[in-house]
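Quick notes on the structure that follows.
Whatever order the structure lists them in is the order used to number ligands and atoms, beginning at 1. Only a predicted model underlies this, so the values are computations on that prediction, with no experimental measurement involved. Quick note: numbers below take in every heavy atom, side chains included, and nothing from hydrogens, waters or symmetry partners.
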Amino acid sequence: MTTNPMLEHALANFDKTARLLRGEFPADLLLKMRDPRERSELRLSPELADGRTHTIRAFVVHHNRALGPSKGGIRMTPCVTLDEVTALAMEMTWKCALIGVPFGGGKSGIVADPEQLPPHDKETLIRSFTRGAIRHIHPLVYVPAPDMGTNERDMGHIKDAISYSLGQATTQGCYVTGKPVILGGIPGRREATGRGVAITTAAAMKTLGRDLCGATVIVQGFGNVGAVAAHALAELGARVVGIGDIHGAVYNPSGLNLTALAAHVRKQRSVAGFTVGRHMTGAKLLTMPCEVLVPAATGNQITKENAGKIQAKIIAEGANGPTTPEADRILEKRGVFVIPDILCNAGGVFVSYLEYTQETQQEQMTEAEVRTRLEQRMQERFARVCQTAQERKLPMRQAAMLLAVRSVATAIEAHGNLP
Ligand code: NAD
């Protein structure tokens, strides 16, 4: 039993899907997918700028690698737990399978507050994590990427720490994705998740016969995913009326000036205090009038308490696990169209796969090529999930899970059983 709500929800979603697949696969095989393959807890002891040696906990989880090496980002928050990382690793297994990349699911967590760490201390901590997790990080074992609280710069330091320890100028093969382009990263990776959110939102609007041009959008989270999704949706003609982050939220029914807001956030490190708009709590923002709501912050934001009050017609899950199963049931009854996380935010891992193949083959891709392939893949998988949802009369989340879990189960069967 677990007491972590994200893990409980991930398991509840899996169990529902396993019931749908009972006739297709043996029960033991389905059970095998429920548990992670390996969960490690690390103690890091970096010496930070205050001259003290700090004890910092970190986690690495490999959920399943039937389809390939584990893939999944590094989350750095003050309250990340091993169970949360396990839930996220499990979601990565389904996401990679659904979007059709040859990776399994993994995830890491570092228990620290990135907002409180000066840049040099963050670099020290990332290098300390790389050293502690070195047996996990390898192109054929686990390939990390950015997640909440980590970014491109951190991924560059991971690559540098590994090549330094090998005594080489660089690494051969792809050890980490989401790196700076100059260090073998791929143009368009940073924007890929947010762009994928916008692409699937546009597809959902089309499916529902609605016009994205002029449609009102609220985005929770103005980090890597939320900020890019907001800009990409605005580029497609939508009107972004509300943005929130961990410190507060701003709402303006006439539309927010995203360039001015981004400049404000660069200076103040928050949307709070932005002058043009009505200020409110992040919780209130979720229930304000809009056609599209993009939760792009953290898990468990749409719950049974607020699901009945949400006014959006479409929820595009930029974040991982933002909606609880109870909230899902309420939204389904109310006819809200949910683009599930394993589909909606899979653009990041798809472009990570392009970065992986580019680095493995020592090729170079242009941003235009990356964008075209991202667009095609997101649209194709969206259509596949939609078709399954219609044929099997399932909500989008269940349809996406059905396709993903079936694909992993098929790979496990193809491997056969080792003692
Ligand atoms: P980030 O650290 O760049 O930004 C997170 C944003 O969310 C910040 O604006 C922060 O203030 C806000 N936030 C955090 N907690 C909040 C709360 N309780 N209420 C309101 N706002 C809050 O992180 P990111 O990389 O943009 O990731 C956001 C979400 O997207 C996470 O759930 C992550 O797992 C998911 N995701 C990220 C990627 C990626 O490529 N970065 C890929 C797939 C999924």
Side-chain angles (χ1 to χ4, degrees), residues 6 10 71-80 84-85 87-89 91-92 94-96 98-99 105 107-110 112-115 122 144-155 177-179 185-186 188-197 200 218-231 242-250 261-262 264-266 268-272 280-286 293-303 306 316-323 339-353 355 374 378:
M6 275 187 78
K71 190 84 192 77
I74 305 171
R75 177 165 290 198
M76 189 188 287
T77 65
C79 49
V80 64
E84 180 181 342
V85 175
L88 292 163
E91 297 290 308
M92 281 307 295
W94 317 136
K95 194 182 299 182
C96 293
L98 182 69
I99 207 70
K107 203 84 183 182
S108 299
I110 304 176
D113 185 349
E115 289 197 6
K122 194 175 184 209
D147 188 66
M148 250 173 91
T150 58
N151 55 31
E152 200 174 285
R153 182 174 180 267
D154 303 323
M155 301 307 117
T177 61
K179 307 177 285 292
I186 197 163
R189 167 62 184 88
R190 194 188 324 138
E191 298 82 6
T193 308
R195 279 201 186 121
V197 170
T200 50
I218 289 178
V219 182
Q220 183 200 38
F222 203 59
N224 183 357
V225 180
V228 175
H231 277 103
I243 301 264
D245 66 17
I246 196 158
H247 304 292
V250 59
L261 184 61
H264 173 85
V265 171
R266 267 195 302 279
Q268 307 296 330
R269 301 180 80 177
S270 170
V271 301
M280 56 187 64
T281 61
K284 175 81 188 147
L285 180 75
L286 298 179
L293 174 64
V294 183
T298 186
N300 296 326
Q301 297 300 298
I302 304 175
T303 62
N306 62 10
E317 293 186 335
N320 285 313
T323 311
I339 314 171
D341 51 3
I342 60 168
L343 172 65
C344 190
N345 69 34
V349 78
F350 178 67
V351 173
S352 276
Y353 161 68
E355 182 174 336
L374 173 69
M378 295 303 295

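Side-chain contact check for Leu293 versus Ile302: some heavy-atom pair is nearer than 4.5 Å. In this structure the side chain of Asn224 never reaches within 4.5 angstrom of the side chain of Glu152, judged on heavy atoms. Ile243 places a side-chain heavy atom less than 4.5 Å from the side chain of Leu261. Counting heavy atoms from C-beta on, the side chains of Leu285 and Ile218 come closer than 4.5 Å. With contacts defined as side-chain heavy-atom distances shorter than 4.5 Å, the pair Met378/Ile99 qualifies. Within the 4.5 Å cutoff, the side chain of Thr298 has heavy atoms near those of the Arg75 side chain. Side-chain contact check for Arg189 versus Pro146: some heavy-atom pair is nearer than 4.5 Å.
The single protein non-hydrogen atom nearest to atom 30 (O) of ligand 1 is Gly318 O, 3.4 Å, given as residue, atom name and distance. Atom 18 (N) of ligand 1 has Thr298 CG2, 3.7 Å as its closest protein atom, hydrogens excluded (heavy atom only). Scanning the protein heavy atoms around atom 31 (C) of ligand 1, the nearest turns out to be Ala297 O, 3.1 Å. Atom 19 (N) of ligand 1 has Gln220 NE2, 3.8 Å as its closest protein atom, hydrogens excluded (heavy atom only). Of the protein's heavy atoms, Gly149 N, 3.1 Å lies nearest to atom 2 (O) of ligand 1. The nearest heavy-atom contact from the protein to atom 4 (O) of ligand 1 is Gly223 CA, 3.2 Å. For atom 33 (C) of ligand 1, the closest heavy atom belonging to the protein is Asp147 OD1, 3.1 Å.
Only side-chain heavy atoms of Arg189 come within less than 4.0 Å of ligand 1; its backbone N, CA, C and O stay farther off. Residue-level proximity to ligand 1 for Ser270 is absent, since no heavy atom of it falls below 4.0 angstrom. With a 4.0 Å heavy-atom cut-off, ligand 1 is reached by the side chain of Thr193 but not by its N, CA, C or O. Counting heavy atoms closer than 4.0 Å to ligand 1, residue His247 contributes nothing at all.
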> Given Lys179 and Glu355, is the salt bridge (Lys or Arg N to Asp or Glu O under 4.0 Å) satisfied, shown in steps?
Replying inline: CA-CA 9 Å; Lys179 307 177 285 292; Glu355 182 174 336; 2.7 Å; yes

>> For a side chain to side chain contact (heavy atoms under 4.5 Å, CB included) check, start with the C-alpha distance between Val228 and Arg190, then their side-chain angles and the critical distance, and finish with the verdict.
In response: CA-CA 9 Å; Val228 175; Arg190 194 188 324 138; 5.8 Å; no

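Using modelled atom types, no side-chain atom of Gln220 and backbone atom of Pro295 make a donor-acceptor pair closer than 3.5 Å. In this structure, Asn306 contributes its side chain and Gln301 its backbone to a donor-acceptor pair below 3.5 Å.
With salt bridges taken as basic N to acidic carboxylate O contacts below 4.0 Å, none links Glu91 and Lys107.
Distances between N or O atoms of Gly226 and those of ligand 1 include no value under 3.5 Å. Ligand 1 has an N or O atom lying under 3.5 Å from an N or O atom of Ile246, backbone or side chain. Taking distance alone, with nitrogen or oxygen atoms compared against 3.5 Å, Asn320 approaches ligand 1 more closely than that limit. Note: an N/O pair closer than 3.5 Å links Asn224 and ligand 1 by distance alone. Residue Val225 has at least one nitrogen or oxygen atom sitting less than 3.5 Å from a nitrogen or oxygen atom of ligand 1, judged on distance alone. Between Asn345 and ligand 1, no N or O atom pair is found at a separation short of 3.5 Å. For the pair Gly221 and ligand 1, the shortest N or O to N or O distance does not fall below 3.5 Å. Considering backbone and side-chain atoms together, Lys107 places no N or O closer than 3.5 Å to any N or O of ligand 1. Ligand 1 has a nitrogen or oxygen under 3.5 angstrom from a nitrogen or oxygen of Phe222.
Taken to the nearest 0.5 Å, the NZ atom of Lys122 stands 10.0 Å off from the CD atom of Glu115.
Taking a 4.0 Å cut-off on heavy atoms, Gly282 fails to register as neighbouring ligand 1. The shortest separation from a heavy atom of Arg190 to ligand 1 is not under 4.0 Å, leaving the residue out of contact.
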